[in-house]
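Report on one structure; see the data block that follows.
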Protein chains: 2
Amino acid sequence: MRAPVSPPPATVGRAQVGGLVGLLSRESGETLIDQIVRSVVARIDDRLLRGGARMPSIRAFAAAHGVSAFTVVASYDKLVATGYLDSRRGAGFFVRERPSMALHAHDAAASATGGWAHGGLGGGADSGSGAGGTGGRAGATTAGRRALSAFDAKPIDVVWLVRNMFRQMPYQQMPGSGVLPSEWLDGAAIANALRAVSRQNPALLLNYGVPQGFLPLRQQLQHKLGELEIAAAPEQIVTTAGVTQALDLVAREFTRPGDTIFVDDPAWFLMFGSFAALGAKVVGIPRLADGPDIAQLAELAALHKPKLYIINSVLHNPSSTSLSAAKAFQVLRLSEEHDFIIVEDDIYCDLHPGSAVQPATRLAALDQLQRVIYLSGFSKTMAANLRVGFIATSLERAERLADRKMLTMLTSSDIGERVVYKVLSEGSFRKHADRMRGRLDGIRAKTIRQMERVGLKVDQAAPAGMFVWADAGCDTNVLTEKAMAHDLLLAPGSLFSPKQLPSTRMRLNVAAMQEPAVWRFFERELGKS
Amino acid sequence: MRAPVSPPPATVGRAQVGGLVGLLSRESGETLIDQIVRSVVARIDDRLLRGGARMPSIRAFAAAHGVSAFTVVASYDKLVATGYLDSRRGAGFFVRERPSMALHAHDAAASATGGWAHGGLGGGADSGSGAGGTGGRAGATTAGRRALSAFDAKPIDVVWLVRNMFRQMPYQQMPGSGVLPSEWLDGAAIANALRAVSRQNPALLLNYGVPQGFLPLRQQLQHKLGELEIAAAPEQIVTTAGVTQALDLVAREFTRPGDTIFVDDPAWFLMFGSFAALGAKVVGIPRLADGPDIAQLAELAALHKPKLYIINSVLHNPSSTSLSAAKAFQVLRLSEEHDFIIVEDDIYCDLHPGSAVQPATRLAALDQLQRVIYLSGFSKTMAANLRVGFIATSLERAERLADRKMLTMLTSSDIGERVVYKVLSEGSFRKHADRMRGRLDGIRAKTIRQMERVGLKVDQAAPAGMFVWADAGCDTNVLTEKAMAHDLLLAPGSLFSPKQLPSTRMRLNVAAMQEPAVWRFFERELGKS
């Protein structure tokens with residue numbers, strides 16, 4: 001099955017004109033021109049109107065919406081001025097072809113083989129829909145890329161995959177995705193909260209916030225952490241632009257170039273690139289079903305004298321397994337013995353169903369933020385684009401991290417933090433999280449059984465979470481290339497390996513495996529049915 | 001004159017109850033409870049209601065606003081749940097005392113002398129209003145702090161000053177401020193834009209944005225840069241969380257620990273701490289009225305082989321002087337000869353009145369982003385809290401910086417970027433910038449004359465901008481300590497010195513020198529009248 005050839009750019013015909021903008025209102029407080037511009041922009045941004053499409057004539061548009069020709073002319077002019085439309089003399093108005101945002105267009109010349117022929121970020125939808133298209137990072141195969149790299153962690157492949165994660169690709173074609181479907185998120189609650197923030201005193205946005213973050217949110221987080229048995233005063237909490245920035249700030253503050261950072265093996269790949277860029281040595285600790293391999297951790301800690309150990313205690317990415325109480329205690333003991341800081345990344349905390357369903361012990365609950373720096377955020381369960389995460393730690397470390405954040409970006413924006421605060425304080429978030437967990441529960445076991453049927457081995461079948469760390473029985477780098485040719489994005493095991501070693505494993509997201517095309521691919525490639 | 005002793009916490013009396021929340025509306029689409037909660041929260045956040053104040057009784061509140069007792073109870077409960085009120089059995093509801101946000105509370109014990117006795121961020125208003133109060137960074141004097149530091153750039157003093165800049169202190173008591181009064185900004189335009197964004201499809205916020213930043217904003221910036229004669233395609237632009245993050249990303253991508261970075265001397269102090277934290281050697285190039293001392297630049301470049309030279313070409317901070325065409329050309333020649341990258345920080349660009357009033361040459365306009373990396377943003381002229389800045393550079397460097405940004409924080413939030421895009425594309429921003437410049441023009445010359453009268457020497461009196469680099473004829477560290485005792489915040493010259501050398505100069509903001517108390521202080525201390 002090849003990717004379908006995209007149809008030629010559509011002309012917005014007379015019959016469709018009425019659907020082009022939403023209902024126009026003369027009472028909304030927004031001018032008709034603004035309403036038209038906003039609607040057209042949204043349709044172009046959402047790619048409902050594609051580059052090259054011809055817009056209806058001034059007259060047709062005006063007639064369809066009962067507005068004056070002047071209003072339409074003014075709207076179209078504004079859309080031209082802002083780069084959304086092109087005006088072609090004598091021919092009318094056209095949706096402007098967006099320049100490809102492929103980040104490495106200059107790589108394209110290097111090779112023209114099919115596999116990875118997809119635009120970088122937005123390019124896929126516009127120009128790369130034919131297989132073997134020329135947009136973006138065409139060229140180098142993973143094998144080729146890996147041949148360039150030695151034994152160390154190489155940021156480049158990580159960067160490549162993360163870029164792919166930002167591509168405009170239908171969710172159901174991304175079994176390797178790291179997020180839940182956006183329909184599962186509570187868009188209405190986010191929109192309500194943002195509207196409420198927009199009605200607040202605008203003066204609040206004119207000045208800088210405080211480097212530690214919006215105080216009411218930190219107070220709310222104190223409650224939230226309290227429920228996890230972690231006592232943290234608001235002064236011990238620093239907000240960040242997601243867990244990614246939290247990890248970056250912690251690594252910058254507590255390591256020097258040449259220091260060693262421990263991570264789980266497998267673990268979230270972006271860290272490897274981020275830490276390597278700081279000059280840190282990244283060493284993986286084998287992760288078992290109930291936590292790290294303690295013997296290995298002890299041995300490697302004695303050998304490497306790490307500064308930090310980054311660990312997902314709950315719903316580990318990519319296996320969705322959680323730490324047992326016994327392992328948690330042993331990890332803390334080793335951190336004392338070898339004097340390293342534990343960085344507990346708990347980004348999936350709201351997807352955990354409680355210890356009755358799946359035992360899980362948080363290191364910060366045991367240690368009360370003495371040796372443990374706790375990170376979490378709302379990108380997975382609220383809205384990634386708000387970019388709100390946080391760090392909870394000792395008062396002294398929180399002060400250092402707030403200063404470090406200040407040197408890095410002064411403060412984060414209050415807007416996202418006020419939105420998260422609003423959603424948390426309204427009390428609807430708990431129900432929303434319950435709903436998401438319910439949906440995952442409803443498909444997880446069933447999807448895992450279906451995986452087994454098509455030949456994907458799942459030996460660490462954790463009972464909750466969105467991920468499965470499946471064994472395909474073949475090199476998943478090769479499988480990923482084949483999937484790409486079918487417009488499917490996989491997340492091969494090599495990416496989760498601190499040394500990027502080839503692997504027969506890969507991360508699968510149960511929520512993103514609900515399309516027959518995905519199953520057909522695995523059935524065909526793994527030779528079972 | 002000592003700081004006034006703060007009055008005891010007020011009780012919100014019956015007479016004031018009516019003013020406690022704004023007009024309640026049953027048609028606003030927001031519940032009465034939400035309206036009450038929002039109003040009270042805003043008054044507490046803005047410190048119109050102070051910690052410890054007793055709230056009106058349920059009955060009094062209900063009667064004053066014509067709502068049911070149930071509505072009031074539900075509102076108060078919500079305010080208790082979110083940490084804004086305390087409920088004391090039998091005594092009623094009280095505004096919760098906020099924990100001091102002082103970042104270094106543990107320093108307080110070290111000393112109890114008066115000078116720097118001010119809460120860190122929010123503490124001043126709550127607990128530090130008595131002179132010698134115990135909130136926050138009481139204690140160490142600048143002299144004491146400086147004695148700890150050697151010859152190198154020390155981040156600690158910079159951090160201390162920047163923290164002070166975030167304090168809740170009336171603007172008119174901050175002649176050292178780096179921003180314009182918030183009344184000068186166009187709060188209504190920001191609020192309108194944010195409301196418009198909040199009406200957009202909420203699904204846009206659920207997923208990650210793209211690491212390079214919101215495309216329509218980058219297209220808009222292309223136009224804006226075009227007006228400055230800088231040609232930059234949207235792919236050459238990367239959005240950042242303000243110029244601070246832009247500088248951090250550039251320094252991280254293009255220097256290694258031990259490399260040398262040139263800055264102006266004097267220059268914006270936060271950089272010194274930021275670069276020192278990266279392990280860079282920071283070297284200052286003496287800044288004259290028309291740009292850097294070229295002979296020194298040549299000599300020091302040959303000696304230090306710098307990787308970067310960070311320069312404000314237009315409305316230099318702290319002198320508001322701008323680069324002449326001749327100097328600009330010489331700087332570019334030297335950057336070629338010694339192979340360093342120029343980082344042109346043009347954050348004040350919208351306050352520049354045009355070259356008819358004050359000659360100014362942008363390096364990026366000459367060089368077209370070959371050796372020059374151009375930075376700017378909207379914190380000074382639109383709203384600091386949006387945290388929107390950007391980098392314009394060559395395509396190859398823009399790609400590297402977008403990858404670096406991705407490793408650091410994945411993406412920035414679209415919300416602020418959509419707000420800035422909206423304001424820029426509406427066309428009102430130009431008029432707003434004109435208005436701000438007009439206000440500055442209206443006071444600048446007059447304020448400088450008054451400075452001269454009280455004994456502040458202004459030898460580099462630039463005709464535009466908000467800053468004056470004045471000579472007080474005495475150690476401005478000492479003067480700053482005296483000002484602190486009178487609740488005035490100065491920005492002493494030592495802070496702007498890459499080596500933090502004591503200086504008789506300081507930065508004054510003409511917009512923040514409109515209060516008689518400020519002038520009285522200088523008259524008294526400088527012995528003139």
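Scope of the values below: all heavy atoms of this structure, side chains included, with no hydrogens, waters or symmetry mates. Every chain is numbered from 1 and lettered A, B, ... according to where its sequence line falls, protein lines coming before strand lines.
- Taking chain A as the reference chain and counting heavy-atom pairs below 4.5 Å, the highest number among B/Leu194, B/Val197, B/Val179, B/Asp34 is found for B/Leu194.
- Of the two parts of A/Tyr421, only the side chain, counted from C-beta on, holds a non-hydrogen atom closer than 4.5 Å to a non-hydrogen atom of chain B.
- Distance check, rounded to the nearest 0.5 Å: CZ of A/Arg387 to CZ of B/Arg387 gives 16.0 Å.
- B/Ser425 and A/Lys78 make their closest contact through O-CE, 4.1 Å (heavy atoms, listed as atom of the first residue, atom of the second, distance).
- Contact of A/Ala203 with chain B is not made at all, since no heavy-atom distance falls under 4.5 Å.
- Listed here is the closest heavy atom pair of B/Leu206 and A/Ser182: CD1-O, 3.5 Å.
- For B/Arg404, the part lying near chain A is the side chain, with the backbone staying farther off; criterion is any non-hydrogen pair under 4.5 Å.
- Separation of atoms CE (A/Met409) and OG (B/Ser274) is listed at 12.0 Å; rounding is to 0.5 Å.
- For chain A, the option among B/Gln200, B/Gln222, B/Lys422, B/Glu426 with the highest count of heavy-atom pairs below 4.5 Å is B/Glu426.
- Closest non-hydrogen pair, A/Arg199 versus B/Arg38, comes out as O-NH1, 4.4 Å.
- Interatomic distance, CE of A/Met406 versus OG1 of B/Thr244, reported as 10.0 Å (0.5 Å rounding).
- Considering only heavy-atom pairs separated by less than 4.5 Å from chain B, the leading option among A/Thr408, A/Val419, A/Val243 is A/Thr408.
- Looking at A/Phe214, the atoms closer than 4.5 Å to chain B (heavy atoms on both sides) all sit in the side chain, from C-beta outward.
- Residue with the most contacts toward chain A among B/Leu249, B/Leu424, B/Ile190, B/Ile415: B/Ile415 (heavy-atom pairs, distance under 4.5 Å).
- Contact between A/Leu407 and B/Ala277 at its shortest, heavy atoms only, is CD1-CB, 4.5 Å.
- In this structure, no portion of A/Lys405 lies under 4.5 Å from any heavy atom of chain B.
- Going from atom CG of B/Asn207 over to atom OH of A/Tyr171 covers 9.5 Å, rounded to the nearest 0.5 Å.
- The choice from A/Arg195, A/His223, A/Met382, A/Glu183 that makes the most heavy-atom pairs within less than 4.5 Å of chain B is A/Arg195.
- Under a 4.0 Å N-O distance rule, the pair A/Asp248/B/Arg252 qualifies as a salt bridge.
- Residues A/Ser412 and B/Asn385 approach most closely at O-OD1, 4.3 Å, considering heavy atoms.
- Within the 4.5 angstrom heavy-atom criterion, no atom of B/Leu247 approaches chain A.
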